[in-house]
Protein chains: 2
Amino acid sequence: MRLEAKRGVPGAALYQRIRNDLETKIMSGAWPPGHRVPFEHELMETYSCSRMTVNKVLSTLADAGLVVRRRRAGSFVSRPRVQSAILQIPDLKAEIEKRGERYGYRLLDLQKRNATAQDRIRLGIGGRATVLALRCRHEAEEQPFAIEDRLISVQAVPDVLKQDFSITPPNTWLVGHVPWTEAEHRITACNADNDVAAELGIEPGAACLVIERQTWRNGEPITAVRLIHPGRLYDLIARFTPTA
Amino acid sequence: MRLEAKRGVPGAALYQRIRNDLETKIMSGAWPPGHRVPFEHELMETYSCSRMTVNKVLSTLADAGLVVRRRRAGSFVSRPRVQSAILQIPDLKAEIEKRGERYGYRLLDLQKRNATAQDRIRLGIGGRATVLALRCRHEAEEQPFAIEDRLISVQAVPDVLKQDFSITPPNTWLVGHVPWTEAEHRITACNADNDVAAELGIEPGAACLVIERQTWRNGEPITAVRLIHPGRLYDLIARFTPTA
DNA sequence: TGCGTTTATTTGTCTATACATATTATAGCC
DNA sequence: GGCTATAATATGTATAGACAAATAAACGCA
């Protein structure tokens, strides 16, 4: 059997190169959810390699949940972004309504401003930047449920300026429209001070669950949020089942 | 080229069969962490198939984090169980010591008993069962850090009876020795009552972070625990980065 | 038009072979 | 003993060729 010259490629493994290429296309949004990935025989030509090699790439991408493969139809970028089974980022509005309760929302404050030193620390960005800062309250059955205190990087999410957050909670809009790749949650408990107690309609000193979350897309900060829930009213649930 | 008769195996794909076999051996504990998985050429013989097939099995098991592969040495069942990037189950002792602080531990209560109705609810088991119930305190730099209130199913973890929990915290032992497949966390905040305040050395009414966790192995309940942390002293951090 | 049948295409799995690469074990040397 | 060069071995990557299974699309018929 004749061995091709292409065999001993110098740099990284060909398999890795192809995988990185495709993953970049998917993660960057160049190939949006639902987009059909080239067929195996097309990728064979593109990278001049054997079918087994591109098959392995696509199979592992499918394992990782980035694509869905269908015989005779092709491979497609999958719709539900990664975030399968971890500490999910909930859409509070949807959560409340799912429980059959009346959801209420009130925008308390909103400003677009040049990032202050503190803003830059919270978002973890270096130079100057424009941010949208907002504070709002979520209610379930008329009962205050959470105070949301959020910063959004305008550079990372330009569309945010076109949104009317007096009606749609930023939480809900972001969950539905802005994809992310990394998230970090910091969870702790504190006693409500007078201000928070007033806004949440609880006793000063009552225990509150504080969730601070930051999200990035490919390393670029998107948003940072602090959610304060009355301890009595909120349970955070994180369930993990591996190879679901 | 001669085609072997073995080709068209009737049931599931051979690859799946082998993968299930190995996964069962690992998950059941028959192959404990550190155990050397048979070499590719041994598995070839066992299942009378080609090396590419067993190679694919082992490679995907490695991707899934179940085994670690080392050239010339072989493949080994990996120590840190699945739980790669989710809300991890921390070994409190190790966490404290990693921060360079002095760790202290005190067993407050331990009993082996037939499961009460309440025990069965907490663990989520039906019939009669024996459980180990224990309560202990973790300290960092002499300062109480957490109250751990735990139930362990003796049936699921028989070895638990041989352990001396007056020295080793159950948390630490379980994290290191008992593999799990599913976990659920329920996180909330509460005000310390007098008992808890006394045990944690904080003011009654101070906010506490309460973490309730339950774990299963292939659907069988292993343990249920409630951890109460002084809100002031504890941050739970969950970071998620997909294809690390 | 509507429905069942055939066909073509794509992915899924498997084999046999080849060579690359990392690393452990061994043999040899000072 | 301790160091280094060498050989042995297990995994890593890649190829070409086969056949299986699923199914979308084309076809044919009533």
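Lettering of chains follows the sequences in order, A, B, ..., and the numbering in each one begins at 1.
Between A:R69 atom CZ and C:dT9 atom P there is a gap of 18 Å when expressed in whole angstrom units. Counting to the nearest Å, the P atom of C:dT11 and the OH atom of B:Y15 are 18 Å from each other. What separates CZ of B:R19 from C1' of C:dG12 is a distance of 16 Å, to the nearest Å.
Checking B:T53 against B:Y47 by side-chain atom types alone, no donor-acceptor pair falls below 3.5 Å.
For the contact set between residues 36-43 of chain A and DNA chain C, defined by any heavy atom under 4.0 Å, the members are A:F39, A:E40, A:H41. Contacts of residues 49-57 of chain A with DNA chain C (heavy atom under 4.0 Å): A:R51, A:M52, A:N55.
The side chain of B:S75 contributes an N or O atom lying less than 4.0 Å from OP1 or OP2 of D:dT11.
Within the structure, every pair that satisfies the salt bridge (charged side-chain N to carboxylate O under 4.0 Å, His left out) test and touches residues 28-45 of chain A, not counting sequence neighbours, is listed here: A:R36-A:E42, A:E40-A:R51, A:E40-A:R69.
Minimum heavy-atom separation, A:P221 to A:A156: O-CB, 3.4 Å.
When the nucleotides C:dC14, C:dT24, C:dT11 are ranked by their closest atom to the side chain of A:R71, C:dT11 comes out on top.
Evaluation of atom-type donor-acceptor distances gives no pair under 3.5 Å for the side chain of B:R72 against the base of D:dA10.
Under the 4.0 Å criterion applied to side-chain N and carboxylate O atoms, A:K162 and A:D159 are assigned as salt-bridge partners.
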Checklist entry - Which is it for B:T223 and B:V157 under the side-chain contact (heavy atoms from CB on, under 4.5 Å) test, yes or no, and what are the steps along the way? => result CA-CA 9 Å; B:T223 183; B:V157 193; over 6 Å; no
